[in-house]
Protein chains: 4
Amino acid sequence: MNVTVWNENRHEQKNPEVRSIYPDGIHGTIAGFLEEMGHRVQTATLDEPEHGLTDDVLRSTEVLIWWGHLAHEEVDSVIVEKVKNRVLDGMGLIVLHSGHFSKIFKSLMGTGCDLKWREADEKERLWVVEPSHPIVDGIGEYIELEKEEMYGEHFDIPAPDELVFMSWFEGGEVFRSGCTYKRGSGKVFYFRPGHETYPTYHNKDIQKVIGNAVRWAAPADREKPVYGNAQPLEKITVK
Amino acid sequence: MNVTVWNENRHEQKNPEVRSIYPDGIHGTIAGFLEEMGHRVQTATLDEPEHGLTDDVLRSTEVLIWWGHLAHEEVDSVIVEKVKNRVLDGMGLIVLHSGHFSKIFKSLMGTGCDLKWREADEKERLWVVEPSHPIVDGIGEYIELEKEEMYGEHFDIPAPDELVFMSWFEGGEVFRSGCTYKRGSGKVFYFRPGHETYPTYHNKDIQKVIGNAVRWAAPADREKPVYGNAQPLEKITVK
Amino acid sequence: MNVTVWNENRHEQKNPEVRSIYPDGIHGTIAGFLEEMGHRVQTATLDEPEHGLTDDVLRSTEVLIWWGHLAHEEVDSVIVEKVKNRVLDGMGLIVLHSGHFSKIFKSLMGTGCDLKWREADEKERLWVVEPSHPIVDGIGEYIELEKEEMYGEHFDIPAPDELVFMSWFEGGEVFRSGCTYKRGSGKVFYFRPGHETYPTYHNKDIQKVIGNAVRWAAPADREKPVYGNAQPLEKITVK
Amino acid sequence: MNVTVWNENRHEQKNPEVRSIYPDGIHGTIAGFLEEMGHRVQTATLDEPEHGLTDDVLRSTEVLIWWGHLAHEEVDSVIVEKVKNRVLDGMGLIVLHSGHFSKIFKSLMGTGCDLKWREADEKERLWVVEPSHPIVDGIGEYIELEKEEMYGEHFDIPAPDELVFMSWFEGGEVFRSGCTYKRGSGKVFYFRPGHETYPTYHNKDIQKVIGNAVRWAAPADREKPVYGNAQPLEKITVK
């Protein structure tokens with residue numbers, strides 16, 4: 001699979017704590033484990049020309065991974081529109097953590113995508129609620145992260161096509177933390193964990209889920225539907 | 001219920017055939033039967049200031065009905081954004097027929113909302129597939145319309161939360177013609193029939209469905225969720 | 001609405017603690033608050049002839065509420081089949097707490113309906129995840145119960161049509177605690193809380209949810225679908 | 001994949017017309033094309049001991065295909081229970097055509113599974129409504145079958161998790177003809193076409209869909225969830 005990992009890559013520049021956890025950037029870490037799983041991976045970041053998402057890159061990308069937080073507003077709406085069209089045409093999209101507030105995710109969901117949050121080093125347990133789903137292949141009953149940022153309901157999203165994970169947080173909240181959607185000819189997976197100050201993307205289970213999601217989100221092998229004025233059966237006469 | 005019927009109201013101005021079917025406009029006909037059902041109804045049209053959708057009108061509207069076709073692009077995006085925010089805050093929205101391509105519907109769906117179509121005076125049968133749904137109260141196994149415009153799959157929408165009607169067309173197509181969605185605190189119903197050159201909104205069953213949908217789409221009686229930084233249980237310490 | 005509250009009514013006979021919380025039985029408490037809401041309510045219990053669910057009672061019941069725990073196997077399968085047929089014909093069904101393992105619920109779900117559980121006086125928070133749903137009218141962001149039995153995922157049910165509540169438990173688990181289903185012409189709501197040793201059904205929010213669910217589960221006002229050999233359009237000739 | 005094709009195999013014995021279309025039985029034809037796709041396939045039929053579904057066969061089957069019509073009542077409920085348990089444990093199940101009325105399908109659905117039908121040599125078009133689904137890989141906008149038995153709505157099933165195909169029939173009906181469900185750890189696909197007097201399972205597109213469905217229905221690669229009394233986090237004390 002041809003995967004592109006997009007990362008805002010700002011926290012890594014500003015915050016030595018983040019840089020020490022992700023010396024190659026969050027994108028570098030994710031690209032690394034996906035390559036080990038056998039995928040062809042490239043990365044792209046906000047500050048590259050066209051945010052690294054040129055027409056060539058998008059055309060050749062089968063699954064795009066998205067991490068952003070501080071600078072959603074700096075992402076050019078023209079690029080967002082191109083990404084959206086590629087998703088509707090079949091490219092898979094995996095939106096991570098604070099990407100819930102990205103232009104691309106909000107545009108594909110049609111809702112505000114807001115939520116509750118808290119930074120308090122809380123334990124998170126991601127419980128599997130859809131045990132037959134390929135995204136949870138090889139995963140136990142839950143994934144436990146010792147410390148993460150809390151995200152809590154209400155999460156202002158459309159009801160997911162499939163609810164794969166539900167998170168429990170120490171401080172009293174729950175969250176729909178693994179959600180699949182189909183949009184046009186494309187598949188979308190939202191996966192909650194991954195606050196920049198925790199080593200979440202080094203966790204083997206989290207890596208496994210992202211790897212599974214890449215395979216699940218692969219483009220369908222068929223022509224896009226044809227829209228517009230349609231031919232009838234021979235017995236119907238068009239005015 | 002406080003209902004506002006919004007209509008583009010352009011076909012009625014240009015086309016004597018449409019005017020003869022809907023002398024008071026499509027909005028006038030819909031407002032008429034909803035009033036007879038006991039609702040408080042106002043109308044609004046494209047060419048009024050702010051398209052008739054002032055802040056006052058929107059604030060007092062519990063369910064908004066939307067019919068548009070020729071002039072989706074002329075609807076001011078600022079007004080669309082206000083309507084969307086009202087839906088997410090709880091106002092019901094019923095989108096009719098060619099409104100599938102309106103800015104408000106596309107924005108709430110997150111997809112292209114395209115479809116197949118044909119004008120060939122075809123018979124349409126809207127089959128009930130969700131027999132327990134309040135939107136089909138009083139409706140038989142199907143609604144038959146002698147002549148309608150054909151809309152065919154693939155309809156580029158998210159899978160509906162509930163699929164209430166599926167249409168059959170003489171020329172060989174099917175269509176998901178009654179679809180419910182929840183978005184934020186609001187409910188959305190898309191209902192397919194109603195091409196301007198047919199007397200569809202004079203059909204008693206069609207009127208019954210729209211009346212049922214108004215009741216179904218009523219705003220919930222509760223506070224909007226609170227988003228943002230959240231208080232934990234006492235045992236958790238925020239950093 | 002004509003409501004019948006069915007209760008196994010065994011804990012109340014054996015356990016003074018339960019009897020002190022529910023002197024009139026769990027069924028008596030539930031019937032009491034539903035009557036105050038204006039419903040016509042009757043009760044039925046396991047040890048009555050036909051478990052109190054005679055053909056007359058079932059025929060006149062619009063919404064049936066079900067609480068059982070110790071004696072699921074003692075419920076006569078013939079009665080269960082009658083209840084199921086009434087649900088498929090349109091009667092609403094609200095299954096409470098340990099009713100997840102009742103014959104009627106398992107038969108309507110088609111799955112094992114198993115779950116994790118623990119009795120440890122844990123705090124439960126039921127978070128609203130579907131803010132526009134009529135079942136949560138008048139309910140805040142969550143319902144908090146100081147002490148309840150824990151039920152945890154994986155809950156072996158089909159993905160609900162609508163997930164209304166998700167529970168958080170002190171000990172680290174989450175649970176899909178308010179789930180709607182449509183089955184045939186009937187509506188089903190599963191609502192988790194209500195262990196017999198806690199005063200849960202005296203909680204005003206819990207009462208409000210059950211009252212809302214009764215209204216939501218009302219039978220549709222239409223004929224049952226017709227099945228079997230069907231007449232075609234005139235142009236098709238049957239062999 | 002280890003696939004078992006189960007067929008009632010009664011029409012083939014009684015009806016020379018059916019035998020001429022399926023000289024090796026419907027099961028033989030389906031097994032044939034699945035083997036060509038690279039699967040390991042065995043067959044089983046009603047009149048074999050234990051209907052050919054011994055514990056060994058079931059244990060080694062990853063995906064089971066089911067065709068039955070005349071003799072649903074002759075299928076031993078003990079065997080049905082074993083099949084159901086295997087599905088809930090992860091075995092994929094593909095139910096074809098008149099299998100909608102089989103004990104195994106009705107038991108997994110929880111509803112009556114009834115429908116309308118007509119034998120009138122009608123054209124059927126199966127329209128793809130979920131273009132990104134792996135089950136429609138390699139399939140065009142629709143599959144057209146010149147002559148088939150009609151099945152029409154209302155189809156008394158739970159709303160499918162995913163609606164993949166919707167059928168159009170010449171005589172005026174529509175039908176949800178490709179439906180996915182998750183049940184326990186297993187995946188279920190119902191696929192409508194395949195009346196015994198038509199050469200439907202020789203159609204290349206129909207074969208492709210069944211082949212795709214076999215891959216989609218593959219068991220998940222993980223442990224079954226653990227149910228029952230659960231351990232808490234260390235800070236919770238069990239009574």
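Throughout, protein chains are lettered first and strands after them, A, B, ... in sequence-line order, and every chain is numbered starting at 1.
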Colleague: Would you say the side chains of B/E124 and B/S167 form a donor-acceptor pair under 3.5 Å?
Modeller: yes

Colleague: Output yes when a side-chain donor or acceptor of B/S20 lies under 3.5 Å from a complementary backbone atom of B/E17, and no otherwise.
Modeller: yes

Colleague: Aromatic contact between A/F165 and A/F191, with the criterion being ring centroids under 6.0 Å apart: yes or no?
Modeller: yes

Colleague: Assert yes or no for the condition that the ring centre distance of A/F175 to A/F155 is strictly below 6.0 Å.
Modeller: yes

Colleague: Determine yes or no for a side-chain-to-main-chain donor-acceptor pair under 3.5 angstrom, with A/K103 supplying the side chain and A/V75 the backbone.
Modeller: yes

Colleague: Checking heavy atoms, do the side chain of A/V226, its backbone, both or neither come under 4.5 Å from chain B?
Modeller: both

Colleague: At a heavy-atom separation under 4.5 Å, does A/P225 approach chain B through its side chain, its backbone, both, or neither?
Modeller: side chain

Colleague: Name the region of A/E153, side chain, backbone, both or neither, that has any atom closer than 4.5 Å to a heavy atom of chain B.
Modeller: neither

Colleague: Measure A/E122 against the heavy atoms of chain B and call it side chain, backbone, both or neither at under 4.5 Å.
Modeller: side chain

Colleague: For the candidates B/A159, B/A230, B/S107, which exhibits the highest count of non-hydrogen atom pairs separated by less than 4.5 Å from chain A?
Modeller: B/A230

Colleague: Donor-acceptor pair, B/E8 side chain versus B/L46 backbone, under 3.5 Å?
Modeller: no

Colleague: Less than 4.5 Å to any heavy atom of chain B: does that hold for the side chain of A/T111, its backbone, both, or neither?
Modeller: both

Colleague: Using only atom types and a distance under 3.5 Å, with no angle test, would you say the side chain of B/R19 pairs donor to acceptor with the backbone of B/Q13?
Modeller: yes

Colleague: Go through the atoms of A/K84 and report whether side chain, backbone, both or neither lie under 4.5 Å from a heavy atom of chain B.
Modeller: side chain

Colleague: Decide yes or no on salt bridge (charged side-chain N to carboxylate O under 4.0 Å, His left out) for A/E74 and A/R10, but give the supporting numbers first.
Modeller: CA-CA 12 Å; A/E74 293 181 43; A/R10 287 278 173 86; 2.9 Å; yes

Colleague: Check the angle between the aromatic planes of A/W67 and A/H97 and answer parallel, tilted or perpendicular using the 30° and 60° thresholds.
Modeller: parallel

Colleague: With no hydrogens and no angle check, is any side-chain donor or acceptor of B/Y181 less than 3.5 Å from a backbone partner on B/P158?
Modeller: yes

Colleague: Between A/D161, A/L115, A/N229, A/L233, who has the most heavy-atom pairs with chain B when the cutoff is under 4.5 Å?
Modeller: A/N229

Colleague: Could you tell me which residues in residues 142-151 of chain B have at least one non-hydrogen atom under 4.5 Å from a non-hydrogen atom of chain A, sorted by residue number?
Modeller: B/M150

